[in-house]
A.B. asks: 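The structure that follows is given in the form of structure tokens.
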Amino acid sequence: MTTIAGLATARGFASGPVFVYRGDGQVPVPEYLVERDRVDDELMRLKRAVVETKRDLETLISILRQRTGRSDVRVFECHLMILDDEALKKETKGYVVRDRLNAEAAVRRTANGARRQFERMNDPYFRERVRDLDDIERRILKSLTGFSSGAHIELRTPSIIIADDLTPSETVQLPRELVLGFATNGGSTTSHVALLARALAIPAVTGLVDITSRVKPGEVVLLDGTNGAVTLNPDESTIRQFNDLVERQLELAEEATRGAPAGTLKSGGDIPIYANIHPGVPLAGIREQGARGIGLYRSEYLWLNREMEPTEEEQFVAYRDAAKFASGLSDGVITIRMLDIGGDKLVRGISSKESNPFLGNRSIRYLLSHRDVFRTQLRAILRASAFGHVSIMYPMVSCVDELREASVILSDVKSDLASEGVPYDRDIHVGAMIEVPSAALIADELARHVQFFSIGTNDLVQYTMAADRGNESVAHLYQPTNPAVLKLVRMTVDAAKRAGISVSVCGESAADPIVGVLWAAMGVDHLSMSSTYIPLISKILAHLTREDLAEYAQVPLSVPVGSTAQEIFDACHTWLAAKIPNLDDILI
């Protein structure tokens with residue numbers, strides 16, 4: 001029996017037989033010099049291959065749209081936009097005309113160049129877009145070469161998919177009812193497999209390096225998406241123990257949809273739990289997990305992988321549909337974060353590279369320097385507010401000036417809509433994300449200009465510790481329980497209470513069983529997280545009273561002066577374990 005450690009990508013447990021997917025493999029690409037009088041013929045070959053690829057993608061999109069609950073259509077719509085990218089087409093044509101390369105080699109060179117650009121980016125999201133390029137390149141090359149490995153995902157029994165990695169085209173072939181879990185050699189928490197797994201509540205472990213060479217089709221493995229591990233050749237006793245965990249996990253999820261709403265405390269009162277989502281995620285799943293509202297709608301996903309910004313109408317439809325859905329949840333709220341691009345989140349056509357992008361013109365700064373983008377999005381959100389309880393949230397606020405300037409623009413947009421007779425919520429709430437230390441330090445001043453705060457702990461920890469959360473060499477510094485981070489969170493919460501406005505945490509730390517409950521104890525009004533984590537946090541809160549939370553909030557303050565982030569985390573874990581004797585069973 002062997003256990004392989006990887007990345008905990010999607011929470012949950014699964015046991016079952018292995019289905020090893022080898023993929024289509026590398027399409028063989030010949031490279032040769034084209035005769036001068038055959039260059040036009042080669043360009044025609046290239047054009048026909050692109051047209052055929054586009055037709056295949058359009059057919060796939062049409063099929064997917066007929067399926068309910070599929071979020072993958074947008075991936076392939078982005079592929080169509082990449083096919084139509086003028087810069088990429090010009091580069092490929094140049095290899096044929098200038099260098100007299102054959103079409104296959106020209107496509108490969110263009111794809112390799114684009115891949116290198118993505119791989120140099122630090123943002124995991126953009127590094128994972130390499131898979132989009134792989135998918136498109138393979139389609140065009142297959143059309144040019146006629147090559148096909150004949151490999152398909154043909155599941156016949158419920159299985160755990162084990163692969164090197166999966167492209168978007170491969171993932172959409174999967175019959176959801178037969179997929180127990182994913183385990184891949186590569187990938188990350190932002191890969192297509194990860195996004196699909198979390199959206200559909202399928203356990204997943206990625207970054208296993210060589211698992212495809214260590215398993216055989218049909219043999220039983222145990223997949224632990226909560227801790228990031230896969231067990232090979234388990235004995236009968238281990239299988240029985242693991243299956244008990246699976247049953248407990250199912251019971252926890254079922255409890256979330258019956259009885260008290262998510263976040264209800266033992267003694268009455270509650271800490272409402274909302275869901276973080278982005279366009280393309282099946283919304284029905286967040287209701288099943290017990291979400292009471294949508295605490296973070298990541299609007300930037302409407303921009304990513306596009307040539308130009310989405311139109312006002314495209315944005316309005318997306319926001320309206322999400323608002324209508326949120327209205328059916330128990331709290332009926334949705335908070336839409338304004339466009340959060342910058343850093344390495346570059347959008348072709350509307351953003352540019354900077355020498356120090358993480359400290360550059362990003363998020364609210366970008367919006368204020370691009371008034372047309374800002375006004376268009378505000379119009380779309382305000383129009384959507386007529387269909388539900390919508391709030392606007394500004395990302396990465398760092399000073400009062402930004403809120404004042406944004407407020408003037410918002411007022412102008414409201415006046416325009418009113419003069420046009422367009423309905424919207426005239427009392428729509430506006431909030432600021434607290435993601436940089438300067439915002440926490442002047443939270444009292446910021447609170448005068450907004451109706452709520454939302455603490456984005458992902459960036460707050462990163463900027464406080466000057467530690468890139470995607471850099472493994474400094475990962476030990478990226479800890480939410482660092483005393484400096486805790487002090488900034490406490491300052492923000494206290495400022496919100498003094499101003500009489502609400503405060504939430506929407507960073508990933510909200511889903512951590514120890515840290516998320518600590519934020520609630522420190523006075524946060526509600527938590528927002530990936531929906532699959534809602535049942536777990538709700539279960540823990542159900543064991544605690546308001547008095548318990550008040551006591552728990554003192555734990556970080558009671559440790560010896562000079563304690564490390566890990567020592568504070570351990571002290572919090574020890575306190576919770578003593579207060580909730582079956583904590584380990586809940587955490588499974």
A.B. asks: Using side-chain contact (heavy atoms from CB on, under 4.5 Å), reason through V97 and E42 one step at a time and then give a plain yes or no.
C.D. replies: CA-CA 9 Å; V97 175; E42 202 66 17; over 6 Å; no
A.B. asks: Are the side chain of T376 and the backbone N or O of V373 linked by a donor-acceptor pair below 3.5 Å?
C.D. replies: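 No, because the side chain of T376 does not come within donor-acceptor range (under 3.5 Å) of the backbone of V373.
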A.B. asks: Run R379 and D416 through salt bridge (Lys or Arg N to Asp or Glu O under 4.0 Å) and show every step you take.
C.D. replies: CA-CA 9 Å; R379 283 181 60 92; D416 289 344; 5.1 Å; no
A.B. asks: Sub-3.5 Å donor-acceptor pair from the side chain of S530 to the main-chain atoms of Y533, do we have one?
C.D. replies: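 Looks like no, no N/O pair under 3.5 Å.
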A.B. asks: Looking only at the side chains, is there a donor atom on one of D164 and T212 sitting less than 3.5 Å from an acceptor on the other?
C.D. replies: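 Side-chain D/A pair, D164 to T212: absent.
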A.B. asks: Please lay out, stage by stage, how R214 and I4 fare under the test side-chain contact (heavy atoms from CB on, under 4.5 Å).
C.D. replies: CA-CA 10 Å; R214 301 177 67 173; I4 307 174; 3.8 Å; yes
A.B. asks: Of all the heavy-atom pairs spanning A406 and I364, show the shortest one and how long it is.
C.D. replies: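 Closest heavy-atom pair between A406 and I364: CB-CD1, 4.5 Å.
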A.B. asks: If you measure from CD1 on I534 to OH on Y274, what distance do you get to the nearest 0.5 Å?
C.D. replies: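 If we round to the nearest 0.5 Å, I534:CD1 and Y274:OH are 11.0 Å apart.
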A.B. asks: Are there over 12 heavy-atom neighbours, none belonging to R98, within less than 6.0 Å of that residue's CZ?
C.D. replies: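 Result for CZ/R98: enclosed.
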A.B. asks: Using the side-chain contact (heavy atoms from CB on, under 4.5 Å) rule, take V205 and L7 through it: C-alpha gap first, then chi angles, then the decisive distance, then the call.
C.D. replies: CA-CA 5 Å; V205 180; L7 300 175; 5.6 Å; no
A.B. asks: Report the C-alpha distance between L222 and L232 in whole Å, list the side-chain angles of each, state the deciding distance to 0.1 Å, and finish with yes or no for side-chain contact (heavy atoms from CB on, under 4.5 Å).
C.D. replies: CA-CA 7 Å; L222 309 179; L232 314 181; over 6 Å; no
A.B. asks: Quick one: does I82's side chain get under 4.5 Å of L80's, heavy atoms only?
C.D. replies: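 Contact flag for I82/L80 side chains = no.
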A.B. asks: For S327, give me all partners under side-chain hydrogen bond (donor to acceptor under 3.5 Å, both in side chains), at least two apart in sequence or on another chain.
C.D. replies: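 Counting only residues at least two positions away or on another chain, S327 forms no side-chain hydrogen bond (donor to acceptor under 3.5 Å, both in side chains).
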A.B. asks: Tell me the closest heavy-atom pair linking G16 and L180, and the distance in Å.
C.D. replies: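 In this case the closest contact between G16 and L180 is CA-CD1, 4.0 Å.
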A.B. asks: For the residue pair G181 and L223, what are the closest heavy atoms and their distance?
C.D. replies: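 Answer, listing the atom of G181 first, then L223: C-CD1, 4.3 Å.
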A.B. asks: Charged N to carboxylate O under 4.0 angstrom, K324 versus D321?
C.D. replies: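 No, K324 and D321 are not salt-bridged.
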A.B. asks: Do the side chain of N185 and the main chain of I211 share a donor and acceptor less than 3.5 angstrom apart?
C.D. replies: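 Indeed, once roles are kept as given, a pair shorter than 3.5 Å links the two residues.
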A.B. asks: Nearest 0.5 Å, what's the OG1-CZ distance between T53 and R138?
C.D. replies: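 Here the rounded value is 12.5 Å.
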A.B. asks: Would you name the heavy atoms of A323 and V390 that are closest together and state the gap between them?
C.D. replies: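 Scanning both residues completely, I find the closest heavy atoms to be CB-CG2, 3.7 Å.
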A.B. asks: Which heavy atom in P395 sits nearest to a heavy atom in L339, and how many Å separate them?
C.D. replies: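 Scanning both residues completely, I find the closest heavy atoms to be CG-O, 3.8 Å.
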A.B. asks: For the atom pair CD (E288) and OG (S531), what is the distance rounded to the nearest 0.5 Å?
C.D. replies: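 Between E288 CD and S531 OG, I get 9.0 Å after rounding to 0.5 Å.
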A.B. asks: Between T3 and T231, is any side-chain donor less than 3.5 angstrom from a side-chain acceptor?
C.D. replies: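 Yes - a donor-acceptor pair under 3.5 Å links their side chains.
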A.B. asks: Kindly compute the distance separating CD1 (I334) from OG (S385), expressed to the nearest 0.5 Å.
C.D. replies: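 If I round to the nearest 0.5 Å, the distance is 11.5 Å.
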A.B. asks: For residues I286 and I277, determine if any side-chain heavy atom of one lies less than 4.5 Å from a side-chain heavy atom of the other.
C.D. replies: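 Side chain of I286 against side chain of I277, heavy atoms only: contact under 4.5 Å found.
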A.B. asks: Please confirm whether R371 makes a cation-pi placement over F374, using NZ or CZ under 6.0 Å from the six-membered ring centre and within 45° of the ring normal.
C.D. replies: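 No cation-pi geometry.
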A.B. asks: Are the side chain of E137 and the backbone N or O of D134 linked by a donor-acceptor pair below 3.5 Å?
C.D. replies: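 Answer holds: no.
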A.B. asks: Indicate yes or no: at least one non-hydrogen side-chain atom of T184 is less than 4.5 angstrom from one of I162.
C.D. replies: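 With C-beta onward as the side chain, the pair stays apart.
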A.B. asks: Nearest 0.5 Å please: distance from the CD1 atom of I136 over to the NE2 atom of H79.
C.D. replies: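 Here the interatomic distance stands at 4.5 Å.
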A.B. asks: Taking the side chain as C-beta and beyond, is there a heavy-atom pair between K93 and K90 under 4.5 Å?
C.D. replies: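 No, their side chains stay 4.5 Å or more apart.
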A.B. asks: Looking at every non-hydrogen atom in both residues, tell me the closest pair between A291 and L329 and how far apart they are.
C.D. replies: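 Closest heavy-atom pair between A291 and L329: O-CD2, 3.8 Å.
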A.B. asks: Counting N and O atoms only, with roles assigned by atom type, does the side chain of D99 sit under 3.5 Å from a partner on the main chain of L101, one being a donor and the other an acceptor?
C.D. replies: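 Not at all, since once roles are kept as given, no pair shorter than 3.5 Å links the two residues.
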A.B. asks: Between R45 (side chain only) and L144 (backbone N and O only), is there a donor and an acceptor less than 3.5 Å apart?
C.D. replies: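 Checked: pair present.
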A.B. asks: Any side-chain donor-acceptor pair under 3.5 Å between N112 and R109?
C.D. replies: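 Judged by distance alone, the side chains do not pair up.
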A.B. asks: Are any non-hydrogen side-chain atoms of N458 and Y478 less than 4.5 angstrom apart?
C.D. replies: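 The answer is yes; the side chains approach within 4.5 Å.
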A.B. asks: Whether R383 engages the ring of Y424 as a cation-pi pair (distance to the six-membered ring centre under 6.0 angstrom, angle to the ring normal within 45°) should be assessed.
C.D. replies: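 No, a cation-pi geometry is absent between R383 and Y424.
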A.B. asks: Cut-off 3.5 Å, side chains only: do Q289 and T532 have a donor facing an acceptor?
C.D. replies: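 There is no such pair (donor and acceptor under 3.5 Å, judged by atom type) between the side chains of Q289 and T532.
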A.B. asks: Check E86 with K89, please: is the shortest side-chain N to carboxylate O separation under 4.0 Å?
C.D. replies: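 Here K89 pairs with E86 in a salt bridge, since their nearest N and O are under 4.0 Å apart.
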A.B. asks: So Y95 and R108, do their side chains get closer than 4.5 Å, heavy atoms only?
C.D. replies: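 Not in contact.
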A.B. asks: If we only count heavy atoms from C-beta on, is the C506 to N276 side-chain gap below 4.5 Å?
C.D. replies: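 The answer is yes; the side chains approach within 4.5 Å.
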A.B. asks: May I ask you to check whether Q377 and Y319 show a side-chain donor-acceptor distance below 3.5 Å?
C.D. replies: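 Short answer, yes.
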A.B. asks: Could you check if a side-chain atom of L410 sits within less than 4.5 angstrom of a side-chain atom of Y394, using non-hydrogen atoms only?
C.D. replies: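 Counting from C-beta outward, L410 and Y394 do come under 4.5 Å.
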A.B. asks: Is there a donor-acceptor pair closer than 3.5 Å between any side-chain N or O of E314 and the backbone N or O of T311?
C.D. replies: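 Yes; judged by distance alone, with no hydrogens or angles, the pair exists.
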A.B. asks: Kindly say whether R337 contributes a backbone atom to a donor-acceptor pair with the side chain of S299 at under 3.5 angstrom?
C.D. replies: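 Looks like yes, one N/O pair under 3.5 Å.
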A.B. asks: How many angstroms lie between CG in L283 and CD1 in I294, if you round to the nearest 0.5 Å?
C.D. replies: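 Taking CG in L283 and CD1 in I294, the distance rounds to 5.5 Å.
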A.B. asks: Atom CD of residue position E420 - does it have more than 12 heavy atoms of other residues, nucleotides or ligands inside 6.0 Å?
C.D. replies: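 It does: E420 CD has more than 12 such atoms within range.
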A.B. asks: Is the side chain of E435 donor-acceptor paired with the backbone N or O of D459 at a distance under 3.5 Å, no angle test?
C.D. replies: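 No, E435 side chain to D459 backbone: no donor-acceptor pair under 3.5 Å.
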A.B. asks: Under 3.5 Å, side chain of D210 to main-chain N/O of S213, donor-acceptor pair present?
C.D. replies: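 Flag not set: sc D210 to bb S213 has no pair under 3.5 Å.
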